Novice: 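Can you read through this structure? Questions will come right after.
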Amino acid sequence: MGADTKQLRIRIKSVDSSLHLTKAMGLVASSKIRRANEEMDKSVAYAETLDKMICELASSPECRKSPFIDTGNTGDTKEKKEPRTRLVVIAGDRGLAGGYNANIFRMLKQYPEAEVYPIGRRICDRVEAEFISSESYSAKDAYELSKTMCDDFLAGKFDRLGILCTKYINLMSQEAEIRWILPVSVKGDSVKSGMVFEPDERTVLDSAVPEYVAGMFVAAVRESFACEVAARRIAMDSAEKNAKQMRENLELEYNRARQSSITQEITEIVAGSGK
Amino acid sequence: MKTYKLTISTPDGHIFDDEVVSLSLRGSDGDLAVLAGHINFATVVKAGKCSIETGSGEKMTATVGGGILTVGDEGTVLLSSSFAWDQDA
C-alpha cells in the first residue's frame with residue numbers, strides 16, 4: 001500500500017506541473033490574442049482595399065491582356081494538363097495549438113506535386129527548408145517574396161500561386177484554406193471605365209500586382225497567427241480542464257489507498273490485541 | 001476650399017482616412033497634385049516626399065515608399081508598402 005500511495009503522489013505532482021504549464025501557456029496566448037487580432041484587422045483592411053483596386057484596374061480591356069489576369073475560372077484551370085502549382089504554406093512556429101498545424105499539413109497532402117514555400121518553423125522543419133518565422137514575418141519579407149513570385153510567374157516557372165493558410169472565423173473556430181492569388185481572377189465583362197492611367201494601363205497594373213500579392217501574403221500571415229494564438233488558447237483551456245479532472249481522480253484514488261492502508265493497520269492492531 | 005476623401009493604406013492598416021484639400025506626390029511621369037473634382041485616375045507612385053493639406057488647413061508631410069494612387073468616384077486611395085509621417089521620424 002505504501003508503494004501504491006507513493007506512486008499516486010508522484011503522478012499527482014506530475015499532473016500538477018502539467019497544469020501549471022497549460023495555465024501559463026493559456027495566459028500567454030490570451031495576452032497575445034488582442035494584439036494579433038488588431039494586426040489581423042489592419043492587414044485585412046489593406047488587403048480589401050488592394051482587392052478592390054485590382055478589380056477596378058482589371059475591368060479595363062487593356063489590363064485584361066496582362067499575363068497576371070485570368071478571365072476564366074479561378075485557380076483550377078480548365079486545361080486538361082495539371083497546372084504547375086506553387087504554394088506558400090503558412091504554419092505556426094510552435095506546437096501545442098490543437099489541430100492548427102495538423103490541418104495545414106492535411107490540406108497540403110492534397111497537392112503532392114506543388115512546390116512549397118514554407119513560412120513558420122513547423123512547416124519549415126517538415127519540408128526541410130530554411131527557417132522563416134511566421135510570428136515575426138514583416139511586410140518587407142512579404143514584398144521580397146512577392147517580387148520573386150511575380151518574376152517567376154512571368155518567366156513561366158509555374159501556372160498558379162496559392163496561399164495555404166488558416167481562415168479566422170471566430171475565437172472558437174478556424175479552418176485551413178487555399179487562396180489562389182495568381183493569376184488574378186476577374187469576373188464579368190471588361191468595361192471602359194473612363195479612368196486615365198499614367199503612364200499606361202499595363203504599367204499601372206504590372207506595378208499593382210506585386211503590391212497585391214505582397215498584401216495578400218501579409219494579410220494571410222497575420223490572420224494565420226491570430227488563428228494560431230486563438231487555437232492555442234482553446235487547446236490550453238481544454239488541457240487545463242482535463243488536467244484538473246485527472247488530478248481530482250488521482251487525489252480520490254490516493255485518499256482511498258491511504259484510508260485503506262490505515263484501516264488495514266487498525267485491523268491488524270485490533271486483531272493483535274485480541275489474541 | 002472643396003475637400004475630398006483620402007485613404008492612405010499600408011500593410012499596417014489605414015494610416016490616414018479623412019477629408020483633404022490636396023495631396024501632392026511624385027507620380028511615374030513627374031510631380032502631381034490631386035484636388036477635389038479630379039478626373040478618375042490611376043498612377044504608379046515613386047518613392048519620395050508626399051504632402052497633404054487637410055480640411056482644417058493643416059499641412060502635413062510624409063515619406064512614401066512607392067505604391068499606387070487611384071482617384072475614383074468613391075474617393076482617392078494611396079496604397080503603399082511604407083508610409084511615415086515626417087514628424088514621427
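Naming: A, B, ... by sequence-line order, numbering from 1 per chain. Just so we're clear, the structure is a prediction, and the values are computed from it rather than from any experiment.
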Novice: Determine the minimum heavy-atom distance between A/Tyr46 and B/Leu79, stating which atoms define it.
Specialist: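 Of all heavy-atom pairs spanning A/Tyr46 and B/Leu79, the closest is CE1-CD2, 3.5 Å.
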Novice: Do you know which two heavy atoms are closest between A/Tyr143 and B/Ser81, and how far apart they sit?
Specialist: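 Taking A/Tyr143 first and B/Ser81 second, the nearest heavy atoms are CZ-CB, 3.1 Å.
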Novice: How about CZ on B/Arg26, more than 12 heavy atoms from neighbouring residues, nucleotides or ligands closer than 6.0 Å, or not?
Specialist: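 No, because the 6.0 Å sphere around CZ of B/Arg26 holds 12 heavy atoms or fewer from other groups.
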Novice: Would you give the length of the straight line joining atom OG of B/Ser9 to atom NZ of A/Lys42, rounded to the nearest 0.5 angstrom?
Specialist: 11.5 Å
Novice: Assess whether atom CZ of A/Arg84 is packed by more than 12 heavy atoms of other residues, nucleotides or ligands within 6.0 Å.
Specialist: yes
Novice: Between A/Glu211 (side chain only) and B/Ile68 (backbone N and O only), is there a donor and an acceptor less than 3.5 Å apart?
Specialist: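 The answer is no, because no donor-acceptor pair under 3.5 Å joins these two groups.
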Novice: Just wondering, more than 12 heavy atoms not from A/Arg94 lying within 6.0 Å of its CZ?
Specialist: no
Novice: So, the side chain of A/Ser207 versus the backbone of B/Val44: is there a donor-acceptor pair under 3.5 Å, distance only?
Specialist: no
Novice: Looking at B/Ser82, B/Ser80, B/Gly72, B/Gly27, which has the largest count of heavy-atom pairs under 4.5 Å with chain A?
Specialist: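 Among the listed options, the one with the most contacts to chain A is B/Ser80.
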Novice: Who among A/Thr203, A/Leu50, A/Val44 has the most heavy-atom pairs with chain B under 4.5 Å?
Specialist: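 Greatest number of close heavy-atom pairs with chain B: A/Leu50.
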Novice: If you look at every heavy atom in A/Thr49 and B/His14, which pair is closest and at what distance?
Specialist: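 What the structure gives for the nearest pair is OG1-CE1, 3.3 Å.
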Novice: Donor-acceptor pair, A/Ser43 side chain versus B/Pro11 backbone, under 3.5 Å?
Specialist: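 Between the backbone of B/Pro11 and the side chain of A/Ser43 there is no qualifying donor-acceptor contact (under 3.5 Å).
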Novice: Quick check for you: to the nearest 0.5 Å, what is the distance between B/Asp12 atom CG and A/Glu38 atom CD?
Specialist: 12.5 Å
Novice: Which bit of B/Leu69 is near chain A, if near means a heavy-atom gap under 4.5 Å: side chain, backbone, both or neither?
Specialist: neither
